[in-house]
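Okay, so here's the structure we're looking at.
In this text, all values refer to a predicted model and were calculated from it rather than measured experimentally. Residue numbering restarts at 1 for every chain, and letters A, B, ... go by the order of the sequence lines.
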Amino acid sequence: MANQKLLLIDGNSVAFRAFYALYRQLENFRNPEGLHTNAIYTFKNMLDVLLNDVKPDHVLVAFDAGKTTFRNNMYADYKGGRQKTPGELSEQLPYIQELLHDLGISTYELENYEADDIIGTFSRIGEENGFDVTIVTGDKDLTQLATEKTTVMVTKSGVMNLEAYTPEHMKEVNGVTPTEFIDMKALMGDNSDNYPGVTKVGPKKASQLVQEYGSVENLYDHIDEMKQSKLKENLLNDKDKALLGKKLATIDCQTPVTIGIDDIKRKDIDYPKLRRFYEKMNFRKFLSELDPNAADSENQNDENEKVLMEYTELTKDNLAKVDAKEGDTIVFYLGMLGPNYHLADFVGFAFKIAGQIYVSRDVDLLKEENLQHLLEDEKIKKDVFDLKRTTVGLNRLGIHAHGIDYDMLLASYLINNENNSDDMAEVCRMYGNNSVRSDLDVYGKGKSEQIPEDDKVLFNHLATKAEAIESLKETLLAKLKEHEQDDLFASIEIPVARVLAKMEINGIKVLPDTLTQLQDEFAGELSKMEKEIYEEAGEEFNINSPKQLGHILFEKMGLKPIKKTKTGYSTSVDVLNQLKDENPIIEKILSYRQIAKIQSTYVNGLLDVIQKDGRVHTRYLQTLTATGRLSSVDPNLQNIPTRTEEGKQIRKAFVPSQPDGYIFSCDYSQIELRVLAQVSGDEQMQEAFRTGYDIHAHTAMRIFHLKSTDEVTPLMRRRAKAVNFGIVYGISDYGLSKNLNISRKQAKEFIDNYFEQYPQIKDYMDKAVKVAREKGYAETIMHRRRYLPDIHAKNFNVRSFAERTAINSPIQGSAADIIKIAMINMQQKLDEMHLKTKMVVQVHDELIFDVPKDELETIKKIVPEVMQSAVRLDIPLVADSGYGHNWFDAK
DNA sequence: TAGTTCACG
DNA sequence: ACGTACGTGAACTAA
C-alpha cells in the first residue's frame, strides 16, 4: 500500500502570496460588511488545487504566533525593518482559520516559534511515522527541509504556480543540498529577515564556498589554508555574522508542539457552517460548488432578491408613456450581442426616465417618433454605458444620437484604467454593485451565444443595467472630481468618443481589386522562395513553424542558436540577422517571412473585412490602453505597413470615397520628444525645438561634442536618434547597446553625455520616478492617470519596469491627450465650415482624411493649423502633411 | 489557449 | 548582481 500523505502549509506565507496575487482586485473583493476577501478567496482556490493534487490524509496549516520568537533572543533585529502586514490582509487571517476549521483542517501556532519551525517539526514527525510529506510555502527558506520523502512546494508567480523542491532540484537550482542551503544562507545573509551574512558574498559565491567546504564550520576550520584575498578578509571579519546567520537560518525541527500526528487527520467538512461562511463572504462561486443542484435555486433566490426589478415592457401601444422634456436627464442602454457593434445583432434596450424603467427586445420601437426624439434631442441628456457603441448602434437604426454627456465606461476607465473591463458587470462590481449579471452569463459565448428567450431574464438584465448606470453615476463623478479629471472626462474623452463614432461609421474605402492583384504577386514570390528554401534545407517543412524551422536551422544545418525561448530555439529577426552570413538560406527565410506576413495579415486580412459598402469600419478601443492611446481592431488600421517597399503597397488599396478625391495625411513631428522638452522644461532641448533644428542632429552635436550640426555624420545622427527614443522609453545602457549593436560601455557613455548636455531631462526622469513612488501613479498633462503598484516591488525587474513606465507614460500619454484634443477641434472645424471632408483614421500621431477634390486647398491649410494649435506649449508643435489619390501617395 | 513572430507609433 | 527599452493587434502553430 502506498504511504499515507501529509500536507503542511505555511499559513502566513501562503496568505501573503494569495493577498498579493489578487492585490489589483483588492477593492473588488469585499463582503457586504466591507471586509476584504481577496486573500481568503485565493487561499481557498489554492487549497482546492493542493487537496486535489496531493490527496493528503493529514493536513496542518501552521501560523506564526506572535511578534517575537526565539530568534529575536539571538538577534534583536531579526525580521526588523520589515514592512508590517497590511491591515487589509491581517483582517482576513482569522477568517482563513475559520474557513480551514469548517473544512475539517487543523491549524496550529506556537508561542515563541515561527510557522517554519512547526512545519519542520511536523515534517520530521511525519517522516518518522512513514508519511510522504508535502510542504507548501511562499518562502524559499523551507526548502532546507526537502528530503527523499519530503517535497517543498514554493509559489513562483502568483499562487497557483508552484515549484517543487526535491533534493535533486535543490542541487540544480542552488548547487547545494537542502542542509547545505542553511550554510549558504548563513554566508549570504537574508535581506528580508534582516540579517547580513558575510560582506560581498551573494548567492553565487556562497554556493561555491559551501560546495567547496560543505559547511560554515568546516570552512572556518580550514580558512587558514585559503590564500590571501579580499574574500578571505571578509570571511574572517564577518565570522560572527556567519555563525549567527546559521543559527537564524536553521529551522527548529524539535519544537515542543502540544499536538500529535493523529490530531491533524482530516475531519469531516461542516457543511452548514461552511455554507454560512461562504454566504457571509459573498463567495457565490464556492456556494454553487457546494451543491450544484441547490445552486440554481440559490442563485434564483439571490437574483430575485436583488434583480427582480420594476419595469414596464414597451409596446407600440404604451409608447406614449415614455416622455422627457428639455433639461431632463435619462438613462439609455442599447444591448447588442458580441463586441463588434458595426455588425452585432440587437438584443433590446432599456430606458430609465423619472424613476421608471422601460424595456423591450424590439429595437425598431426606437424609430417611433417620440423615442427617436428622446435620443436625438441635444437638450435631453442621456447617461449610457459606452457612448461610442451606443451611438454606432443607434446609427444603424437611422437614429442620430445627441446629448449623451455621461458614459459610465469612459468614467471608470479614466478613474482606473488598470483593471478596466468593457463588461458592465465587472465595472459595477468594482464599485460595490453586484446586481448586474455579466453578458457572458446571460448570453453565453461562442456557438451557444444567444438572446434569452425568457422575457423575464432578458428584461431583468437590461433593467439592472439601466438602474446601475444611474445609481453609480454619482460615485464615479465624485471620483473623477477627486482626481481632477472632470475636464479630461467632459472636454476630451466624451467629445472624442463622438468623433470616433463618426470616423468608424464613415469607414475608409478599400479597393479589393488592388489587394487581389497584390495577392497574386505575393503568392508567386512566396512559392518561388518556398522552393528555394526547401532546396537549401534538403527537405520540405513548414517555414511558418518556429519549431520546425528551429529544427532545420539549428539541428540539421548546425547553425549556432543565439537565443532560446520558453519552447525552443528563437528564430526571430534579430537572431536570423546575426546568422545572415552563415548560410544563404537565412536571407531567404527572412524575405519569405516578411512577404508571408504581409500576405496573411494585410492582403487576406483586409479582404476579409471589407463591408458591403466597399469600406472597412474599424473599432477604436478608447478604454483599453494603459497610457491613453487609442487602439484599433477589426481591422487594425494603426499598423498598416510603411517600413518596407512590399508592405507599403498595401496602402495603395486605401482610397478616397470619390474617385477624384484625395487621401490627406498630417502627422505631428517628434511629438513625444516635444512633450518631453515641455514636461522636463529642459532649456537646451526647448531651444533646439524653438529654432527648428533637426532634433536628432542637434542631439548628435551635443552628445558627440561637435561645434555645429554640419559635423554630424549619418551614423552619429542614427545613434543620437536611438538615444532620444531610448530616453522616452526610460533608457538603460543594455537596451541602447542592443538596439545600436554597440558595447554596453559605449552606450553608457552616450547616455552620460546626454544627461550632461540635457541636465533637466535627467531631473525629470528622477522626479517622475519619485513622484510615482509617492503618489502611486503617473499623470499626463491632462491628469490622465496610470497606477503603478509595482513601483514598490521588491523584485528588481518588476520594479525597474514600473520605473521606466513612470517615465514613459506621461510622455506617451500626454501626446495622446494632445492628438485627442486636435481631433475634437478638427471635427468641430469641419462641421462649422460645412465641409464634406471626413476624418477617417488616427494613427497615434497622425490623422488621415478623405477629401473631396474641391476641398483639398482648404484642408491643406486648416488641418496643420488645427493640429499645431491643439495645446499651447512653451515650444511649437509642428505637423507635416501630404496627400495623394491613395494612402500610399499621401506621404 | 499560449507562445512566437512581426506589423505599426 | 540583477536583465531590460514604451505602447499596441493579428496570424500562425502546437498543445
Side-chain angles (χ1 to χ4, degrees), chain A residues 188 200-206 417 541-550 563-576 589-590 593-606 608-609 618-621 624-644 646-648 650-651 667-668 670-672 676 722-740 744 747 751 778 786 794-813 815-816 819 841-846:
Chain A
M188 69 191 231
K200 293 275 174 194
V201 173
K204 289 223 172 108
K205 185 73 13 186
N417 58 26
F541 66 101
N542 187 344
I543 309 169
N544 285 324
S545 160
K547 193 178 162 192
Q548 294 181 35
L549 181 61
K563 209 167 69 182
K564 274 212 244 169
T565 65
K566 266 187 208 166
T567 48
Y569 307 111
S570 169
T571 65
S572 63
V573 203
D574 50 297
V575 170
L576 295 189
I589 290 167
L590 283 166
R593 276 236 183 108
Q594 200 222 318
I595 304 294
K597 172 86 174 184
I598 293 164
Q599 181 80 308
S600 66
T601 305
Y602 298 100
V603 178
N604 298 335
L606 277 171
D608 286 345
V609 291
T618 187
R619 276 149 45 230
Y620 290 103
L621 306 187
L624 181 137
T625 68
T627 55
R629 274 189 175 184
L630 302 174
S631 88
S632 157
V633 294
D634 272 352
N636 182 354
L637 293 183
Q638 292 181 319
N639 70 347
I640 303 299
T642 180
R643 290 172 192 171
T644 68
E646 292 90 340
K648 267 198 223 166
I650 300 293
R651 295 184 171 227
D667 69 301
Y668 282 115
Q670 305 300 346
I671 187 159
E672 291 195 348
L676 175 61
V723 179
N724 274 329
F725 270 99
I727 293 289
V728 169
Y729 296 151
I731 203 158
S732 74
D733 51 9
Y734 180 87
L736 184 66
S737 74
K738 217 174 77 170
N739 190 291
L740 281 178
R744 214 167 138 162
I751 295 166
R786 174 171 189 180
K794 269 213 289 209
N795 181 294
F796 175 89
N797 288 321
V798 175
R799 187 177 64 247
S800 299
F801 185 64
E803 288 171 357
R804 292 197 295 274
T805 312
I807 294 167
N808 174 266
S809 291
I811 301 173
Q812 194 183 115
I819 196 166
V841 180
Q842 188 250 41
V843 195
H844 310 306
D845 64 354
E846 178 184 11

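Listed for the A:R651 side chain is a donor-acceptor partner under 3.5 Å among the backbone atoms of A:I640.
Ring-base stacking between A:F796 and C:dC2 is not satisfied when judged by a centre separation under 5.5 Å and a plane angle under 30°.
Between A:E803 atom CD and C:dG3 atom P there is a gap of 15 Å when expressed in whole angstrom units. When rounded to the nearest whole Å, the span between NE2 of A:H844 and P of C:dG7 equals 13 Å. Atom pair A:N797:CG and C:dA5:P shows a separation of 10 Å (rounding to whole Å applied). The distance between atom CD1 of A:I727 and atom C1' of C:dA5, rounded to the nearest whole Å, is 11 Å. The separation between A:F801 atom CZ and C:dA5 atom C1' is 10 Å, rounded to whole Å.
Every residue meeting the side chain to side chain contact (heavy atoms under 4.5 Å, CB included) condition with A:K205, not counting sequence neighbours, appears here in chain and number order: A:V201, A:Q208, A:L209, A:L231. Shown here are the side chain to side chain contact (heavy atoms under 4.5 Å, CB included) partners of A:A815, two or more places apart in sequence or in another chain: A:I671, A:E672, A:V675.
Using a cut-off of 4.0 Å between Lys/Arg side-chain N and Asp/Glu carboxylate O, A:D574 and A:K738 are scored as not salt-bridged.
Contacts between residues 564-576 of chain A and DNA chain C, counted as heavy-atom distances below 4.0 Å, involve no residue at all.
Here the side chain of A:R744 is nearest to one of C:dG3, C:dC6, C:dA5, namely C:dG3.
Across all strands shown, A:N739 has heavy atoms under 4.0 Å from base atoms, whether or not it also approaches the sugar-phosphate. As judged by a 4.0 angstrom heavy-atom cut-off over every strand, A:E672 is placed among residues making no nucleic acid contact. If you check every strand for non-hydrogen atoms under 4.0 Å, A:A747 touches nothing. At a threshold of 4.0 angstrom between heavy atoms, the contacts of A:G726 include nucleobase atoms, whether or not backbone atoms are also involved. A:L736 comes within contact range of at least one nucleobase, with a heavy-atom separation under 4.0 Å. Nucleic acid contact class of A:R593 (heavy atoms, under 4.0 Å, all strands): sugar-phosphate only.
From the 5' end on, the contacts that DNA chain B makes with chain A at under 4.0 Å to a non-hydrogen atom open and close at B:dG3 to B:dG9.
Separation of atoms OG (A:S631) and CZ (A:R619) is listed at 9.0 Å; rounding is to 0.5 Å.
Secondary structure note: stems in DNA chain C built from 3 or more consecutive Watson-Crick or G-U wobble pairs under 3.5 Å occupy B:1-9 with C:6-14.
A distance of about 15 Å separates the P atoms of B:dC6 and C:dA5, rounded to the whole Å.
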**Fill in**
Each nucleotide of nucleotides 8-15 of chain C classed B (base within 4.0 Å of a protein heavy atom), S (only sugar-phosphate) or -, in 5' to 3' order, makes SBBSSSSS

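Between A:R799 and the phosphate of C:dC2, there is no side-chain N or O to OP1/OP2 separation shorter than 4.0 Å.
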